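Taking it in order: structure first as structure tokens, then the write-up.
Since the structure is predicted, the reported quantities are computational estimates derived from the model, not experimental observations. The chains referred to below are lettered A, B, ... by the order of the sequence lines, with proteins before strands, and numbering in each begins at 1.
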Amino acid sequence: MARDLLGCILWRRIGRTLLAARLVEAEAYLGANDPASHARRGLRSPRNESMYLEGGHAYVYFTYGMYYCLNVVTQERDIAEAVLLRAAQPLEGIQIMQKLRPKARKESDLASGPGKLCIAMDIDRDLDGESLDGKRLFITRGTEAVAGDEIAVSPRIGVDGAPEAAHWPLRFFLAGNRYVSRRSVK
DNA sequence: TTATTGATTGACT
DNA sequence: GTCAATCAATAAA
């Protein structure tokens, strides 16, 4: 799923305005058996409850005391697997995004990270559990095809707390794309 | 009840 | 390269 989401378009409707961005980086989190997942060992709490929804819903969590991250829930109900959307290329409503994210000086930095993406597209816990085929949030196939050899794979970012899973190759991104979160990391 | 730690970012050396 | 911001969930006591 993480692989397939690359090149897809994430849409966010806020009243009459519509924002869109092309996904260029995503990470897979494998539920109960993944020590780096919020659902490791079957953990379940109000925070991660929407991970247990059926595929096609949003899981939005608050982290480091100040940022939100958006996930696509992928499995059947009660199986808590999800894909973290880490970076995207702004397509529509770029001026609005710039207003929402004044710290970004370049367009390529508007959504070049999971927290940044949520700031640029005004995504917070209010959207947690929402359908990804809904009014405020939805995803469509991209118009630009992604070639198989365009997709690079690496360990996930920031999972140092789970040494056992630290090297798992579950981060997918478009090789050389300037909108990914870390240009130095291959 | 208290302590630790993040699926991060931005400022700074 | 280092580090602080800032808080909720989880772990430890």
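- Within the structure, every side-chain polar atom (N or O) of A/Arg41 is placed at least 4.0 Å from both OP1 and OP2 of C/dA9.
- With A/Ile9 as the fixed residue, the side chain to side chain contact (heavy atoms under 4.5 Å, CB included) test singles out one of A/Thr140, A/Leu23, A/Thr143: A/Thr140.
- No side-chain donor-acceptor contact under 3.5 Å links A/Ser37 to the backbone of A/Asp34.
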Readout for nucleotides 2-13 of chain B: B = base within 4.0 Å of protein heavy atom, S = sugar-phosphate only, - = neither; 5' to 3' it is ----BBBSS---
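- Listed for the A/Glu27 side chain is no donor-acceptor partner under 3.5 Å among the backbone atoms of A/Leu85.
- B/dT2 and C/dT6: their P atoms are spaced 23 Å apart (whole Å).
- Counting heavy atoms from C-beta outward, A/Ser50 and A/His57 have side chains that stay 4.5 Å or more apart.
- Residues A/Thr74 and A/Glu81 have side chains that never bring a donor and an acceptor to within less than 3.5 angstrom of each other.
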Kindly express the pairing pattern of DNA chain C in dot-bracket notation, using | wherever a base pairs with another strand and counting only Watson-Crick or G-U pairs under 3.5 Å.
|||||.||||||.
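- Between the side chains of A/Ser154 and A/Arg171, a donor-acceptor pair is found at a separation under 3.5 Å.
- Between A/Tyr61 and A/His38, the two ring planes are perpendicular [angle over 60°; tilted spans 30° to 60°].
- Between the side chain of A/Arg136 and the backbone N or O of A/Arg13, no donor-acceptor pair lies under 3.5 Å.
- Taking the C1' atom of each, B/dT5 and C/dC3 are spaced 16 Å apart, rounded to whole Å.
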